[in-house]
Amino acid sequence: MGKHLSTRREFMKQAAVFAAATAALSACVAPTTGGAPGAAPGAAPADAGKEIQPGVLRSETLILENPTGRVTPADDFNRWRPGSMTASTGLQQIGLDALWYIDPDAGIDGVWDNALAAEKPIYNDDFTQMTVKLREGLYWSDGVEFTADDLYYTVDTQMKIPGFNSSGTFNGNIESMEMPDKYTVVFTLKEPNSRFHAFFTVRWGAVFMMPKHIFEKEADPLAFKFNPPVSLSAYTLKDFDPNGSWYLWQRREDWQRTSLGRFGEPGPKYAMYIDPGPSDKRVIAQMAHELDVIHDITPEGRITLAKNSPTSVGWFESFPWAHPDPTLPAVIYNNEKPGLDKKEVRWALTLAIDIVRVAMASYRGAATISAIHVPPTGMYPQYYFEPLEGWLNEFTIDVGGTPYKAFDPESGNRIAEEARKTLGDLVPTDPAEIKKSIGAGWWKYDLAAAEQLMLDAGMTRDGSGKWLLPDGTLFKVPLMSMNESNPTMNRCASMVVECWKEFGIDTLLDSQAAPWQIMQMGNYSANLAWTIETWGGHPDLSFFLSSWHSKFYRPSGEQSAGSNNMRWKNPELDAIIESIQKVSFDDPKGIEFGQEFIKLAAAEMPITPLMAYNVFTVCDTTYWQGFPTSKDPYTDPVPNWANTKYMYVKVKPQGA
């Protein structure tokens, strides 16, 4: 897909989201009642008159973590080109707006929302033309009406000027555009593309609309910093720190003239996105009621809040607490490397992983595991996990000429049992809750079966027990991972390495500051990262799967196209992708084709899926109520997602 669809991945490469693990945090942080003394549950805080800036009441301000940290440069709001780091300052969440949104969870009024668009994209019969009908009566914060002029300008400018995020995407897809009236734009495409609308549809980010009346005055729109930004959503930028530590937004007086206004008045009058520092400082800030929404913290930090902060709530009411993002951390194999080019070897490495130890090492057990090649998040249990549960239990691979049932439905229960040894009653005991929050099972940890698979592939052991390739050379599989800037993934990779060493694999942990670029060039054997990201709320898999078609294949040594970093080529996969692209976005056949992909991926195991990317987003209910949770999953609470704009109309002051 296009450049903008990997924006969150690019963000994750650049920003150090996590601080180093703080294993002793529970012991060194005491319970606190600071910040909002005397606030009873459901009541307004006693210090409701406290100001965080002159005239800005704390009780009217939602304070959220900006995971980018300190933003440099602080004054560059040009969201449409690389280099701007202000996306998560509130800009894409409550300042800008897009045609459509797909919620990673259930959605505020269903998964799909026609935001700036009046209806869903309209395609002709062969998907060579897409028509966009816009809502009427929407206005920029400076009083100028949003019209087709803005949509046309957003696309046309990026096509004419190289260097914008979507310049290549638009030039590669669009033959021509026309604007038959003030609220309609028609795109004629170079070839059939039933998923062209995805470029304009938010999943974390998307192509947001540019204000034509602002940018057209600039001699160089690419260099323009768009400061101050004119907003199209319900908030406008009031002030920001020139050093990039905080950004303060104020609810527009004319919020009704925005697409969000359809759902009612946003609760917070103000929103402040801040850099609260590393994980331990985020915990302290929330316990002092100075940080309403934590983006992410270490598992140890979340355990501290669970034990000491009764006003802190997570996605799940109890363990594992975290919101499972629609992203799938996995062991990604370079399918072109000797040994790793055989599915038997990839399966052997999978069966040599003890998922219980991996879950405990990475998330202290608070993981949501996935045996199949989609994340266990959003609506995907309904679309994929539950329908395929019977198939998984009967699924076999060939081990030594004998069918072998590889799935272990008890993995989630075993993780819960292990976690309960240290966390006690914080860990659920209800099997249904464990299945929902920790996972519905994983692959067996079976070194005997793994051994036979290696032998089936022509591998042998040397005198010390190390595995050799069929030509007698040592089989080396160093496992690359993110470094301690992401301790959860680093610890996850470390435990996989430990498991493989016990099995006789010559391996080591290769921690890198920038593993993504290395993986994309194919200069690796295995990497613990992610190459599968989905819509979450919508079953269509083309978000990541389109670029896995063999026509986009690039060999190791060349930059991969899209997310096929494992260099997997398969004619059956091509046929599935082509089938998906021939049906409309909402066609139920898409789910059937998605299930076919999952079955093929399980048989071939091009990567080993591990778990959802669980984010320990924590919301403090001292000042605000109505945050999204697994019991009320109206949107994703992770505060740098653009979809969190919907949270603002549901979150209300305590005591209201």
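Residue indices begin at 1 and follow the sequence shown. Because the structure is a prediction, the values reported are computed rather than measured. Quick note: numbers below take in every heavy atom, side chains included, and nothing from hydrogens, waters or symmetry partners.
The backbone N or O of K50 lies less than 3.5 Å from no partner atom in the side chain of R58, so there is not a single donor-acceptor pair. Using modelled atom types, no side-chain atom of Q520 and backbone atom of S560 make a donor-acceptor pair closer than 3.5 Å. Looking at R364, its side chain never comes within 3.5 Å of a backbone N or O of E300 through a donor-acceptor pair. Although no hydrogens or angles enter the test, the distance criterion places a donor-acceptor pair under 3.5 Å between the side chain of N334 and the main chain of G522. A donor-acceptor pair is defined here as one N or O able to donate and one able to accept, closer than 3.5 Å; such a pair exists between the side chain of N165 and the backbone of R79. A donor-acceptor pair under 3.5 Å is formed between the side chain of Y363 and the backbone N or O of N614. A donor-acceptor pair is defined here as one N or O able to donate and one able to accept, closer than 3.5 Å; such a pair exists between the side chain of S370 and the backbone of I372. Side-chain atoms of Q286 come within 3.5 Å of backbone atoms of V618 as a donor-acceptor pair (strictly under, hydrogens ignored). For D292 (side chain) and L64 (main-chain N/O), no donor-acceptor pair under 3.5 Å exists by modelled atom type. Judged purely by atom type and a 3.5 angstrom limit, S362 has no side-chain atom pairing as donor or acceptor with the backbone of R491.
Note that the NE2 atom of H538 and the OG1 atom of T534 stand 11.5 Å from one another [nearest 0.5 Å]. Annotation: the span from S411 atom OG to I369 atom CD1 amounts to 5.0 Å, rounded to 0.5 Å. Distance check: K307 NZ to S312 OG gives 14.5 Å after rounding to the nearest 0.5 Å. Rounded to the nearest 0.5 Å, atoms SG (C499) and CG (L479) are 11.0 Å apart. The distance from atom CG of D105 to atom CG of D325, rounded to the nearest 0.5 Å, is 8.5 Å. Note that CG of L349 and CH2 of W500 are 5.0 Å apart. Values are rounded to the nearest 0.5 Å.
In this structure, Y380 and L541 have side chains that are in contact, with non-hydrogen atoms separated by less than 4.5 Å. Counting heavy atoms from C-beta on, the side chains of K281 and P276 never come closer than 4.5 Å. With contacts defined as side-chain heavy-atom distances shorter than 4.5 Å, the pair I415/E417 does not qualify. Under the 4.5 Å side-chain criterion, counting only non-hydrogen atoms from C-beta, S525 is in contact with L340. In this structure, the side chains of I532 and W530 stay at 4.5 Å or more apart for every pair of heavy atoms. With contacts defined as side-chain heavy-atom distances shorter than 4.5 Å, the pair P299/F616 qualifies. Contact of the Y648 side chain with the L62 side chain is registered, since non-hydrogen atoms from C-beta on lie closer than 4.5 Å. Counting only heavy atoms from C-beta outward, the side chains of E51 and V56 never approach each other to under 4.5 Å.
For the pair K238 and Y270, the cation does not sit on the ring face, since its NZ or CZ is not both under 6.0 Å from the ring centre and inside 45° of the axis.
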Checking T68 against N66 for the side-chain hydrogen bond (donor to acceptor under 3.5 Å, both in side chains) test, could you report, in this order, the C-alpha distance in whole Å, the side-chain angles of both residues, the deciding distance, and whether it holds? CA-CA 5 Å; T68 309; N66 169 21; 3.1 Å; yes
Go through S309 and M287 one step at a time and tell me if the side-chain contact (heavy atoms from CB on, under 4.5 Å) criterion holds. CA-CA 6 Å; S309 181; M287 292 177 72; 4.2 Å; yes
Does the pair V358 and V496 meet the rule for a side-chain contact (heavy atoms from CB on, under 4.5 Å), with working shown? CA-CA 7 Å; V358 169; V496 172; 4.0 Å; yes
Would you please test N490 and S511 for side-chain hydrogen bond (donor to acceptor under 3.5 Å, both in side chains) and show each step? CA-CA 7 Å; N490 185 267; S511 298; 2.9 Å; yes
Take N643 and T635 through the test side-chain hydrogen bond (donor to acceptor under 3.5 Å, both in side chains) and record every step on the way to the result. CA-CA 7 Å; N643 312 71; T635 196; 5.5 Å; no
Step-by-step side-chain contact (heavy atoms from CB on, under 4.5 Å) determination, V374 to Y383: CA-CA 11 Å; V374 291; Y383 293 133; over 6 Å; no
Intermediate values then yes/no, side-chain contact (heavy atoms from CB on, under 4.5 Å), Q92 and W204: CA-CA 9 Å; Q92 74 171 16; W204 191 79; 3.6 Å; yes
Are S245 and D275 close enough, and set up right, to give a side-chain hydrogen bond (donor to acceptor under 3.5 Å, both in side chains), and what steps lead you there? CA-CA 5 Å; S245 292; D275 169 22; 4.9 Å; no
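Enclosure of atom CD in E317 is not indicated, since only 12 or fewer non-hydrogen atoms of other residues, nucleotides or ligands lie within 6.0 angstrom. For K435, the NZ atom sits in a loose shell: 12 or fewer heavy atoms of surrounding residues, nucleotides or ligands are nearer than 6.0 Å. More than 12 heavy atoms of other residues, nucleotides or ligands shown are found within 6.0 angstrom of NZ on K652. Environment of CG in D425: sparse, with no more than 12 heavy atoms of neighbouring residues, nucleotides or ligands closer than 6.0 Å.
What you find for P375 and F385 is that their closest heavy atoms are O-CE1, 3.6 Å. Pairing each heavy atom of F77 with each of L237, the nearest pair is CZ-CD2, 3.7 Å. Across all non-hydrogen atoms, the minimal contact from Y445 to R357 is OH-NH1, 3.6 Å. Closest approach of D103 to A106, counting heavy atoms only: OD2-N, 3.8 Å. The shortest non-hydrogen separation linking A642 to F208 is CB-CZ, 4.0 Å. Residue F627 comes nearest to M647 through the heavy atom pair CD2-SD, 4.0 Å, listed as atom of the first residue, atom of the second, then distance.
Side chains of Y623 and T61: a donor-acceptor N/O pair is absent below 3.5 angstrom, by distance only.
Relative ring orientation between F240 and Y247 is described as parallel, the plane-to-plane angle staying below 30° on a 0-90° scale split at 30° and 60°.
A salt bridge is absent between R203 and D636: the closest approach of a Lys/Arg side-chain nitrogen to an acidic carboxylate oxygen does not fall below 4.0 angstrom.
For the pairing with N640, the side chain to side chain donor-acceptor pair (under 3.5 Å) check across E65, Q93, H295 returns one residue only, H295.
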